[in-house]
Amino acid sequence: TLLFEALSGRLSGVFDGLAKRGALSEADVMEAMREVRLAMLDADVALPVVKDFVNKVKERAVGAEVLESISPGQAVAKIVNDALIDALGGAGAVPLNLNATPPVPVLMVGLQGSGKTTTSGKIALRLSTRERKKVLLASLDTQRPAAQLQLAQLAEQAHVASLPIVAGQTPVEIAQRAMDVGRREGYDVVILDTAGRLSIDEALMEEVRQVRAVTQPAETLLVVDAMTGQDAVNTAKAFNDAVGVTGVVMTRMDGDARGGAALSMKAITGAPIKLTGSGEKLDALEEFHPERVAGRILG
Ligand code: GDP
């Protein structure tokens with residue numbers, strides 16, 4: 001993936017330099033951390049996250065234990081690796097929480113164009129094939145009839161059911177109908193794809209809050225586009241403040257974004273990245289493993 005290529009290249013340079021030096025002084029570590037700081041800022045990591053990151057690493061790295069160890073360069077790299085894992089959300093993927101009485105509602109929220117509808121289809125495919133769940137997809141987008149058709153087509157491709165489209169219903173009415181069908185027909189999971197707007201507005205948030213109130217979703221998943229960089233983090237913060245988000249799905253990880261959004265998400269929004277999208281196809285959905293991503297960044 002191109003996502004962390006630039007950051008990875010810069011950090012490798014820094015740590016190769018440290019490793020070659022053998023003995024390290026406190027000044028060497030400080031100089032290296034200055035370079036790490038610049039590399040992270042260039043990768044679009046949010047400033048408060050960078051500051052916190054660099055301070056944590058310095059605190060752990062400048063003691064005698066590290067500097068006088070057998071290979072101080074490696075010891076510092078290990079500290080940076082651990083701090084990267086922390087920033088990415090901690091070790092281990094955070095699984096979807098479907099622990100509720102079926103049909104378990106999963107609410108999908110996000111801005112228009114983020115990949116929300118596609119991701120709804122991807123999650124439906126994943127749950128139905130890997131976990132043998134009976135999944136119902138429902139589009140609550142009453143603004144754009146095309147969005148409802150798009151979801152129905154994705155459902156067909158994924159071989160899962162979609163809620164029949166009934167004109168004239170409000171999003172809350174569609175959500176209630178989806179849950180009724182889910183109960184009556186024995187679905188395990190009902191994925192509710194809310195309308196997206198071009199920008200965050202109060203009407204959108206109010207609609208999400210109403211749907212949430214009537215369905216009590218086990219997960220409220222925010223879909224954000226990695227290509228939008230810092231905006232993805234700002235969007236996530238706004239959604240989380242307004243409606244509460246239990247997890248983030250970051251799409252377009254296959255693009256050439258600089259990756260900083262993934263490193264800022266947890267600290268700025270409090271919500272973990274649970275899944276990532278890496279293409280238009282329905283099987284292009286992965287679990288997010290912070291330790292693997294950190295490993296990739298440090299090469
Ligand atoms: P929505 O408006 O948020 O529902 O967005 P859509 O699901 O309609 O997606 C918008 C476009 O982005 C579509 O052409 C999708 O195929 C594409 N897309 C969605 N996720 C990804 C992804 O992870 N990678 C790439 N390259 N394209 C994606």
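When a ligand or atom number is given, it counts from 1 through the structure's own listing order. As the structure is a prediction and not an experimental result, all values here were calculated from the model.
Within a 6.0 Å radius of CD in Glu65, other residues, nucleotides and ligands contribute 12 heavy atoms or fewer.
When every heavy atom of Lys116 is checked against every heavy atom of Val109, the shortest pair comes out as CD-C, 3.3 Å. Minimum heavy-atom separation, Leu154 to Thr117: CD1-O, 3.4 Å.
Protein residues with a heavy atom under 4.0 Å from ligand 1 are Leu111, Gln112, Gly113, Ser114, Gly115, Lys116, Thr117, Thr118, Lys122, Gln150, Thr251, Arg252, Asp254, Gly277, Ser278, Gly279, Glu280.
Between Val76 and the options Val14, Val62, Val66, a side chain to side chain contact (heavy atoms under 4.5 Å, CB included) holds for only Val66.
For the residue pair Thr194/Glu207, the side-chain donor-acceptor check at 3.5 Å is not satisfied.
Ion pair Asp180/Arg184 not flagged as a salt bridge, since none of the NZ, NE, NH1 or NH2 atoms sits closer than 4.0 Å to an Asp/Glu carboxylate oxygen.
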